[in-house]
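Working notes, structure below.
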There are 2 protein chains.
Amino acid sequence: MSGGDFNSWQSVQAEVLRRINAREWKPGEFIPNEAELALEFNCARATVNRALRALAETGLLDRRRKAGTRVALHPVRKATLAIPVIRYEIEGKGQSYRHTVLVEERLVPPSGIRARMRTNPGVKLLHLVTLHLADGKPYVFGDRWINPDAVPGIESADLSVQSANEWLVANIPFEGGDFSFSAMTAGKREAEILACKEGEGLFVIERSTWAKDQIITSVRLTFAPGYRMHTEI
Amino acid sequence: MSGGDFNSWQSVQAEVLRRINAREWKPGEFIPNEAELALEFNCARATVNRALRALAETGLLDRRRKAGTRVALHPVRKATLAIPVIRYEIEGKGQSYRHTVLVEERLVPPSGIRARMRTNPGVKLLHLVTLHLADGKPYVFGDRWINPDAVPGIESADLSVQSANEWLVANIPFEGGDFSFSAMTAGKREAEILACKEGEGLFVIERSTWAKDQIITSVRLTFAPGYRMHTEI
DNA sequence: TTTGACTATAAGTATATACATATTAATCTG
DNA sequence: CAGATTAATATGTATATACTTATAGTCAAA
């Protein structure tokens, strides 16, 4: 079984991919271990490791110590999508960016928000509603809640100059977040703010950002009709 | 400059992250090169390389040969989202899965589709409209075009047993795809198929899949109201 | 001033070796 | 036989070393 010389991890990866696609290694099946493959491919085990690790990261292989490596049963393809920072997104299209703060208040949040932010009852949060405009036209509006305890310095920031989004990205390190994407039907309020018709379908992103076991901020972005989020594998 | 002992790539990564977050290394700035960091951290260059490479993959660092490594100016966070295979998604929620083929025909596509599929004028494509049901209720419907030239064997497949989606995933290797996510307003047709009201906002995924410079298939998935796609960083 | 060749540099990668760690499988107990 | 112990094993990782490759920067020729 001398399978020729594979002297780069990319070539090893390509060969492994070929075998998976050609069904020489079928979904659910174990593939030979790293040492065996290294022997067959006439390369170092580290090279095989690099190739297989990369494939495992894309979800095509399942690897476990001692157990071995198998072809994923349901190869869930993973797409990486870039989280838009509104201003760069707009300016990247060559349009002018502007934003206005519609609401800025400190108050005890409704229970749904409180649950999502995991704050104690009675704690006041910063609430902001901001409209972002591209070439003067409504592009998206954000309904945002910020936990001031997790964000020192937010009180003294002028959020009408730099949007809350940008200020947070620039000043508060965060560890992770979770996102959901959905659609909603424009009601009276959305139609008014985004200058669209009531009853239009709108694209919505909800995002919570956390660090050190605290929710920093939770925002709901409602986009004007026609918005598309794009990505490729 | 002896920065203590960092003897795992994770610890090196953590320290680099800390310095970025603490603004010791500011956005846009070059950080010391791998050799210097290895010396400071008292570890091998390969270990530093591993740590920095991982951070570059998440978009937090920009690396270029000869130039060096710098902290990303606009740290575009990347989320990886799993592309749903409808049936597994539904069954994963403990609901029953069923699908019905509403339309199956071979015809010359409208110009918009033809452009997206990059086929020659006059070439017939396979057109399928499929409704997927969860616990008997409409969940999503797919309007799909398949390039038979790129998909040998599709003619002989019974797509009422195994959905086109599953059949393609199982039988045709693909190299990549591109996705777009958006919202639409339910018209008469969508309302009828999905058993919802006209004028409701619906979540839409459009996807083209390619391999070997050919577009294999292009599909538009329109989800019933209430659908959410979720991911985390 | 532009173009093109050259060079030094930093990341990228391959390899042998050694050890760590998770986890399965086998074995030993009570 | 159940449960604890131990051995075996595949992946995971660290290291020194050596070589490759892309490219920023420099300097000279056109």
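In what follows, chains are A, B, ... by sequence order, proteins preceding strands, each numbered from 1. Scope of the values below: all heavy atoms of this structure, side chains included, with no hydrogens, waters or symmetry mates.
At whole-Å resolution of the value, CG in B:N49 and P in D:dA16 are 14 Å apart. Rounded to whole angstrom, the span from the CD atom of B:E34 across to the P atom of D:dT17 amounts to 17 Å. Distance CZ (B:R45) to P (C:dT13): 11 Å, rounded to an integer number of Å. Distance A:Q10 CD to C:dG12 C1': 9 Å, rounded to the nearest Å. In this structure, B:K66 places its NZ atom 19 Å from P of D:dT20, rounding to the nearest Å. The CZ atom of B:R65 sits 17 Å away from the P atom of C:dT9 (whole-angstrom rounding). When rounded to the nearest whole Å, the span between CZ of B:R70 and C1' of D:dT23 equals 14 Å. In this entry the distance linking CZ of A:F6 with C1' of C:dT13 reads 18 Å, nearest Å.
A donor atom on one side chain and an acceptor atom on the other are not found under 3.5 Å apart for A:T119 and A:R114.
Classified by interplanar angle (parallel below 30°, tilted 30° to 60°, perpendicular above 60°), the ring pair A:Y227/A:Y139 is perpendicular.
The CG atom of A:L52 sits 9.0 Å away from atom CD of A:Q13, with the distance rounded to the nearest 0.5 Å. In this structure, the separation between CD1 on A:I20 and CD on A:E15 is 10.5 Å, given to the nearest 0.5 Å.
Put simply, B:R53 has no side-chain N or O that comes within less than 4.0 Å of OP1 or OP2 on C:dA11. Remark: A:R64 is in phosphate contact with C:dT24, judged by side-chain N or O atoms under 4.0 Å from OP1 or OP2. Using a 4.0 Å cut-off, some side-chain N or O of A:T47 falls inside it from OP1 or OP2 of C:dT15. In this structure, B:T69 reaches the C:dA11 phosphate: one of its side-chain N or O atoms is under 4.0 Å from OP1 or OP2.
Here the side chain of A:D135 pairs a donor or acceptor atom with the backbone of A:S96 at under 3.5 angstrom.
For B:N33 and B:A46, each mapped to the nucleotide of DNA chain C holding its nearest heavy atom, the one lying further toward the 5' end belongs to B:N33. Checking A:A67 against A:N7, the closest nucleotide of DNA chain C that is more toward the 5' end is the one next to A:N7.
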